[in-house]
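For this chain, numbers begin at 1 and follow the sequence in order. Treat the numbers as computed from the prediction; the structure is a model and nothing was measured.
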Amino acid sequence: MPSNAPEAPVRKAGPREWLGLAVLALPTLLISLDQSVLYLALPHLAEGLRPTGTQTLWIMDVYGFLIAGFLITMGTLGDRIGRRKLLMIGAFAVGITSVAAACSTSAEALIITRALLGIAAATLMPSTLALISNMFHDPHQRGRAIAVWASCFMGGTALGPVVGGALLEFFWWGSVFLLGVPVMVVLLIAAPLVLPEYKDPDAGRIDLLSVLLSLVSILSIIYGLKELARYGFAPVPVVAIVVGLAVGAAFVSRQGKLAHPLLDLKLFRVGAFTAALLILMVSMLGTGGGYLFITGFLQMVEGLSPMAAGLWMLPAAIASIIAAQVAPIFAKHFQLSTVIGVALLIGTAGYLMLVFVDPVGGMPLLMTGFVIIFIGVGTFGSLGTNLVVGSVPPERGGSAAGLSSISGDLGNALGIATLGSLGAAVYRDSIVPPAGIPADTARVSLEDAITAARELPAKAAEDLMAAAKAAYTSGLNTIGLACAALTVVSAIIALTMLRNRRGAAPSGNGAPRERTTEDSLPIA
């Protein structure tokens, strides 16, 4: 029978918890910064290590591949051995592998150290997010804390080109990897002092076969999507995706039979949890494809340097950070579905502005749309992550955090692959090289047109670049329309699947629980 006893009051976070949040913000900022900083270092790195084209691609991709591949495993591992312990082990490993990457003397060595760095970094993201759920039991305080966490992640992505450009002005290419060393030293010193330890005493052993299946599935799918985005349709990436899906099905089947699964499928019975993951994947699909073409426009159409392009991206990052901080305030007074749905519709308006960008004089409209897009991104980044973490019991926090990151990574990879291919197809169909220039000279991409223009007389080069920039902008316009459609889909999911929810409410034992007029299915 239900008890009539009053619920125990939820413990409020104090100065120690907020100081702990500042410590957790450091690795979050570092991970997002590391994912964007290497683009600037590539030319310098190429001079020093002389990698082949294939090696260059692996240097760029292997870090993100292995982060994505190990997120579920590391999230669950933290639940078992202790989230603070895993965070400190990962911090030590990130520091060591960062130094090794900076000191690499060959392309092969750098690929190996980047792979190890990715595995180490995979311990940080789910650990930081899961620890926040342990430190902040009050739903409103937890919402503010996750808003800070999301702001650090988004800010690091924008700061990567700026910080990397500044370092490369004065130091060698390896300096971009050493950013993580002082951050990890601070984390190792401060973590035992201000962060609590938490682990699930009933978690059981990790099933190694499940680890292998999840790794093969995620790596195969993301590899296939990235290859399709890079080269278009080809048998190998298609086979990789099919294999990844098949192995993923085997992984899911195995989880249903284990007493202590690597991924508890009962998590998906919570409607808010599933809806948040779905919205995150669909919205990141649009963000990934849009971000790809917007940054390309800044550098190849406007001719900005990577560092200058990074500076132009700062207003959007600031807008997303402000939106992330303001979002929990709105969520206090309005239904969560309304706040998220309206924010996504605002982002839709930003994407629609991209439809009208011109190759000449298009910067004001592009930057305005970019800022508006990231208002929506910041709002959902804060509220959606809080919804994922707050919808599950504390002992499943690591798994929930890993799934949140995986959804974003898969959505981003899928967006780059599908929308990147769409934009490239529009470019190929739109470009009309000037008379006297072979049609295939610039047909594949704007990068090829830029290369070809260097070999042409001034007037011919100018005409070719004008045609190529117009075709690329047509691709951007089409991407804007496609992203607007995807964001509308996300808004519809939010307005329907999250209806009648106002965030999280404390449960009787002080653990966060979703407040809803509908009953969620039990997880235990």
Side-chain angles (χ1 to χ4, degrees), residues 13-37 67 71 74-75 78 83-84 86-95 98 120-138 140-160 162-163 179-198 314 317-328 374 377-386 388-390 397-398 400-402 404-405 408:
R16 180 179 178 180
E17 284 79 13
W18 290 107
L19 184 59
L21 176 64
V23 173
L24 293 176
L26 294 175
T28 304
L29 186 67
L30 176 70
I31 291 171
S32 59
L33 194 148
D34 268 354
Q35 289 180 330
S36 59
V37 73
I67 284 182
L71 277 171
M74 295 304 181
R83 294 168 184 170
R84 187 182 68 186
L86 181 64
L87 181 67
M88 295 181 66
I89 292 171
F92 179 79
V94 166
S98 295
T123 66
L124 303 181
M125 188 67 74
S127 296
T128 56
L129 192 51
L131 280 169
I132 288 174
S133 70
N134 298 136
M135 294 159 56
F136 296 90
H137 299 286
D138 178 79
H140 300 308
Q141 287 189 325
R142 189 181 66 246
R144 301 294 306 174
I146 289 179
V148 172
W149 179 91
S151 297
C152 290
F153 188 79
M154 290 179 284
T157 301
L159 287 174
V162 180
V163 174
L179 282 170
V181 177
V183 172
M184 294 302 106
V185 170
V186 172
L187 179 60
L188 287 170
I189 295 171
L193 303 176
V194 297
L195 298 180
E197 182 58 288
Y198 183 91
L314 283 179
I318 293 170
S320 69
I321 290 170
I322 294 173
Q325 297 300 315
V326 172
F374 271 74
V377 170
T379 301
F380 180 72
S382 170
L383 296 180
T385 304
N386 185 32
V388 170
V389 175
S404 176
S405 299

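- The minimum heavy-atom distance linking R142 with F136 is given by the pair CB-O, 3.5 Å.
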Show me, pair by pair, the donor-acceptor contacts under 3.5 angstrom made by side chains of residues 182-197, not counting sequence neighbours?
residue : atom : partner : partner atom : Å
E197    : OE1  : R83     : N            : 3.0
E197    : OE1  : R84     : N            : 2.9
E197    : OE2  : K85     : N            : 3.1

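- I321 is linked by a side chain to side chain contact (heavy atoms under 4.5 Å, CB included) to S151, counting only residues two or more places apart in sequence or in another chain.
- In terms of heavy-atom proximity, T379 sits nearest to A327 at CG2-CB, 3.8 Å.
- Nearest heavy-atom pair, L86 versus S127, reported as atom, atom and distance to 0.1 Å: CD2-OG, 3.7 Å.
- At least one side-chain heavy atom of L24 sits less than 4.5 Å from a side-chain heavy atom of L87.
- Here the closest heavy-atom approach between residue A324 and residue P328 is recorded as O-CD, 3.1 Å.
- Scanning all heavy atoms of the two residues, the minimum distance from T123 to A120 falls at OG1-O, 2.6 Å.
- Partners of A319 under the side chain to side chain contact (heavy atoms under 4.5 Å, CB included) rule, at least two apart in sequence or in another chain, are V371, I375.
- Remark: T128 pairs with W149 by the side chain to side chain donor-acceptor pair (under 3.5 Å) rule, at least two apart or across chains.
- Scanning all heavy atoms of the two residues, the minimum distance from L124 to P27 falls at CD1-CB, 3.9 Å.
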